Amino acid sequence: MGLKELEKKARKLFKEGRVKLDFESGKRVYFSVYSREIHSVIFDKEKNEFKCDCKYFSVKQKECSHIKACKLLLKNLEKKEQ
Ligand SMILES: [Zn+2]
């Protein structure tokens with residue numbers, strides 16, 4: 001999958017409300033992404049690093065559509081707070 005396709009898929013997941021922020025602790029933020037399967041995405045605040053449990057991420061160690069979708073959600077939440 002190319003980068004553009006990933007972005008497109010991420011925007012779609014976000015727009016359709018498939019990304020949920022489940023829980024935030026001092027160090028981490030936990031998300032669920034309801035794609036064909038449910039994926040867990042964790043943002044490590046100290047390392048400033050995202051992790052996903054999907055195959056794409058574990059094989060390529062690159063940002064998958066689920067992580068990108070979580071980033072969109074975070075951006076959106078920041079906007080609302082301002
Ligand atoms: Zn993923």
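We use all heavy atoms of the structure for the numbers below, so side chains are in, but hydrogens, waters and symmetry mates are not. None of these values were measured; they are calculated from a predicted model. Both ligands and their constituent atoms are indexed starting at 1 by order of listing.
Taking a 6.0 Å sphere around NZ of K15, one finds it holds 12 or fewer heavy atoms contributed by other residues, nucleotides or ligands.
Excluding waters, the set of protein N, O or S atoms lying under 2.8 Å from the Zn ion (ligand 1) comprises C52 SG, C54 SG, C64 SG, H66 ND1.
In this structure, the side chains of F57 and I67 come closer than 4.5 Å at one or more pairs of heavy atoms. Counting only heavy atoms from C-beta outward, the side chains of R28 and F43 never approach each other to under 4.5 Å.
Nearest heavy atoms, K20 versus Y34: CG-CE1, 3.8 Å.
If you run salt bridge (charged side-chain N to carboxylate O under 4.0 Å, His left out) between E63 and each of K68, K9, K51, only K68 comes through.
Remark: the backbone N or O of E49 is not paired with any side-chain donor or acceptor of D44 at under 3.5 angstrom.
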